[in-house]
Amino acid sequence: FAARLLKIDGEKPEIASKQEAEAALAAIRAEHLAVSAAVDREKLRNAQPPFITSSLQREAATRFGFSAKKTMVVAQQLYEGIDLGPEGSVGLISYMRTDSTRLSDEAYRRGTSYLEEKFGPDILPGGRKTFRKAKLAQDAHEAIRPTDCYRTPDGLAAHLSKDQLALYRLVWQRFLASLASAAVYAVRGVDIAAGTRYLLRASGRRLVKPGFLAVMQDDSPLGDEWLPELAVGDGVAIQHIDASQHFTEPPPRYTEASLIKELEDKGIGRPSTYATILGVIQARDYVEKRGGALHPTELGEQVWKMLDHLFRDIFEV
């Protein structure tokens, strides 16, 4: 298992050069390593709220590489209605321009009934969960949810295009997951003393109760690392030890997903305009997309300089 250097002489390590790093490595390698503390505890991971416009656009961009415009076009198709054969045209999701995580009583009842039938009563949290409302939310419409959660993505696969199915599955899973209980992990933390000067720490976790993760098929909890049974005083052998150098990176360029989040956080635009804003700045060549990141063009920079010079009071965030 892996452990990281936590403290030197009781303080956070400040290693400024390769020589200092190599000296610390040599000193740790020469010491007897023993467990100085071992703690087991539980940690909860809560489900996220059902989608609003901005979070749906961000998630679709992250998972599928959809532009905000494409997400809204596909969501509009699901909202307006899909031909389901004998049933005719059926709207599959609620209104997709919303800033509210609120769910109707009927949607809540249907969702909890489906979860209990499919996964058993243990998946329910034992009470209705509430989600924090955004400061500027108008709360005019419900969250984005399936109109009937008993219409499963697999059951609709024959009637939906690839993009429609992907987006519907995302909405369906997020809605049901938001109603389910938290996932429970067992977390083990171990401190390892290397002599009297150096302290290292290792941690591991494993899933005990899946909760909402049972619904989120794409959110596989696999890959968590667990630590062996260790008690205070147990000796630990070093199999491999190394040092890596990290540089402070500048903030990354915006993607469509992160720019939407910034617009939302700053109160710029409304749920109905995020996709339009992103479409316009690209259609007018103020910004170009390179490998998913948005880069200002020379035209965009010149236009901005002119607007900032003439209308600074308007363009101040």
Side-chain angles (χ1 to χ4, degrees), residues 1-48 58-59 62-63 65 119-120 122-123 125 173 177 180-253 255 257-258 291-293:
F1 63 91
R4 296 174 66 88
L5 179 61
L6 185 70
K7 291 181 179 178
I8 300 177
D9 295 328
E11 302 288 335
K12 183 181 175 183
E14 294 288 345
I15 296 173
S17 68
K18 185 178 179 182
Q19 289 74 22
E20 286 181 35
E22 288 176 347
L25 290 178
I28 292 169
R29 194 179 281 115
E31 293 285 2
H32 170 69
L33 273 66
V35 175
S36 59
V39 178
D40 284 354
R41 59 188 175 88
E42 279 193 347
K43 186 176 182 180
L44 301 182
R45 177 183 166 192
N46 289 303
Q48 293 178 297
R58 294 201 306 269
E59 192 72 7
T62 302
R63 290 206 182 208
F119 301 101
D122 284 352
I123 198 170
Q173 285 184 346
S181 60
V184 182
Y185 287 90
V187 178
R188 176 171 291 172
V190 174
D191 285 358
I192 299 160
T196 57
R197 292 196 64 201
Y198 300 94
L199 185 69
L200 296 95
R201 178 166 291 173
S203 60
R205 70 173 192 172
R206 67 180 174 194
L207 189 63
V208 175
K209 181 185 172 188
F212 76 91
L213 290 174
V215 183
M216 305 293 287
Q217 299 157 6
D218 298 330
D219 257 6
S220 171
L222 300 176
D224 296 319
E225 288 190 4
W226 189 236
L227 296 178
E229 294 289 338
L230 291 164
V232 174
D234 285 352
V236 178
I238 295 174
Q239 293 189 347
H240 176 70
I241 185 167
D242 65 6
S244 58
Q245 189 174 12
H246 295 277
F247 296 94
T248 303
E249 297 284 340
R253 291 192 183 273
T255 62
S258 61

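By convention here, the first residue in the shown sequence is residue 1. Fair warning: this is a prediction, and the values are worked out from it, not measured in the lab.
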Trainee: Restricting to side chain to side chain donor-acceptor pair (under 3.5 Å), what partner residues turn up for Q48, sequence neighbours left out?
Mentor: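 Expected list: R174.
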Trainee: Under the rule for side chain to side chain donor-acceptor pair (under 3.5 Å), what residues qualify as partners of H32, not counting sequence neighbours?
Mentor: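 Here no residue qualifies.
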Trainee: State, with a plain yes or no, whether a side-chain heavy atom of E225 is found less than 4.5 Å away from one of F1.
Mentor: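 No; the side chains remain at least 4.5 Å from each other.
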Trainee: Working to the nearest 0.5 angstrom, can you tell me the gap between S181 OG and L44 CG?
Mentor: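 Rounded to the nearest 0.5 Å, the OG-CG separation comes to 9.5 Å.
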Trainee: Any idea which heavy atoms bring L207 and A183 closest together, and the distance?
Mentor: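 The answer is CD1-CB, 4.2 Å.
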Trainee: Apply salt bridge (Lys or Arg N to Asp or Glu O under 4.0 Å) to D234 and list each qualifying residue two or more places apart in sequence or on a separate chain.
Mentor: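 Checked D234 against salt bridge (Lys or Arg N to Asp or Glu O under 4.0 Å); zero matches.
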Trainee: To the nearest 0.5 Å, how far apart are CZ in R45 and CZ in R205?
Mentor: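 Here the rounded value is 6.5 Å.
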Trainee: Pairs of donor and acceptor atoms involving the side chains of residues 191-199, under 3.5 Å and at least two apart or interchain, shall be tabulated with distances.
Mentor:
{"unit_1": "D191", "atom_1": "OD1", "unit_2": "R201", "atom_2": "NE", "d": "2.6"}
{"unit_1": "D191", "atom_1": "OD1", "unit_2": "R201", "atom_2": "NH2", "d": "3.3"}
{"unit_1": "D191", "atom_1": "OD2", "unit_2": "R201", "atom_2": "NH2", "d": "3.1"}
{"unit_1": "R197", "atom_1": "NE", "unit_2": "D9", "atom_2": "OD1", "d": "3.0"}
{"unit_1": "R197", "atom_1": "NE", "unit_2": "D9", "atom_2": "OD2", "d": "3.2"}
{"unit_1": "R197", "atom_1": "NH2", "unit_2": "D9", "atom_2": "OD2", "d": "2.9"}

Trainee: Report yes if some heavy atom in the side chain of I238 is under 4.5 Å from a heavy atom in the side chain of I28; otherwise report no.
Mentor: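 They are in side-chain contact.
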Trainee: Of the non-hydrogen atoms in A24 and I15, which two are nearest, and what is the gap between them?
Mentor: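 What the structure gives for the nearest pair is CB-CD1, 4.5 Å.
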Trainee: How close do A177 and M216 get, heavy atom to heavy atom, and via which atoms?
Mentor: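 Nearest pair, atom of A177 first, then M216: CB-SD, 3.6 Å.
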Trainee: Could you pull out all residues at least two apart from A186 that satisfy side-chain contact (heavy atoms from CB on, under 4.5 Å)?
Mentor: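 A186 satisfies side-chain contact (heavy atoms from CB on, under 4.5 Å) with R206, V208, W226 once adjacent residues are dropped.
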Trainee: Taking only residues two or more places apart in sequence, or in another chain, which ones meet R41 in a side-chain contact (heavy atoms from CB on, under 4.5 Å)?
Mentor: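 Counting only residues at least two positions away or on another chain, R41 forms a side-chain contact (heavy atoms from CB on, under 4.5 Å) with K43, V187.
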Trainee: Is there a side-chain contact between L200 and V236, using heavy atoms and a 4.5 Å cut-off?
Mentor: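 Heavy-atom side-chain distance check fails, nothing below 4.5 Å.
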Trainee: Residues two or more places apart in sequence or in another chain: which of them pass side chain to side chain donor-acceptor pair (under 3.5 Å) with E249?
Mentor: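 Partners of E249 by the side chain to side chain donor-acceptor pair (under 3.5 Å) criterion come out as none, since no residue qualifies.
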Trainee: Test of understanding: with side chain to side chain donor-acceptor pair (under 3.5 Å), list the residues that count as partners of N46, not counting sequence neighbours.
Mentor: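 By the side chain to side chain donor-acceptor pair (under 3.5 Å) rule, N46 matches no residue at all.
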Trainee: According to salt bridge (Lys or Arg N to Asp or Glu O under 4.0 Å), who are the partners of R58, at least two apart in sequence or on a separate chain?
Mentor: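 Partners of R58 by the salt bridge (Lys or Arg N to Asp or Glu O under 4.0 Å) criterion, ordered by chain and then number, come out as E264.
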Trainee: Residues in side-chain contact (heavy atoms from CB on, under 4.5 Å) with A243, at least two apart?
Mentor: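 Here the qualifying residues are A21, L25.
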Trainee: Could you name each residue pair satisfying salt bridge (Lys or Arg N to Asp or Glu O under 4.0 Å) that touches residues 12-37, not counting sequence neighbours?
Mentor: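 Qualifying pairs, neighbours excluded: none.
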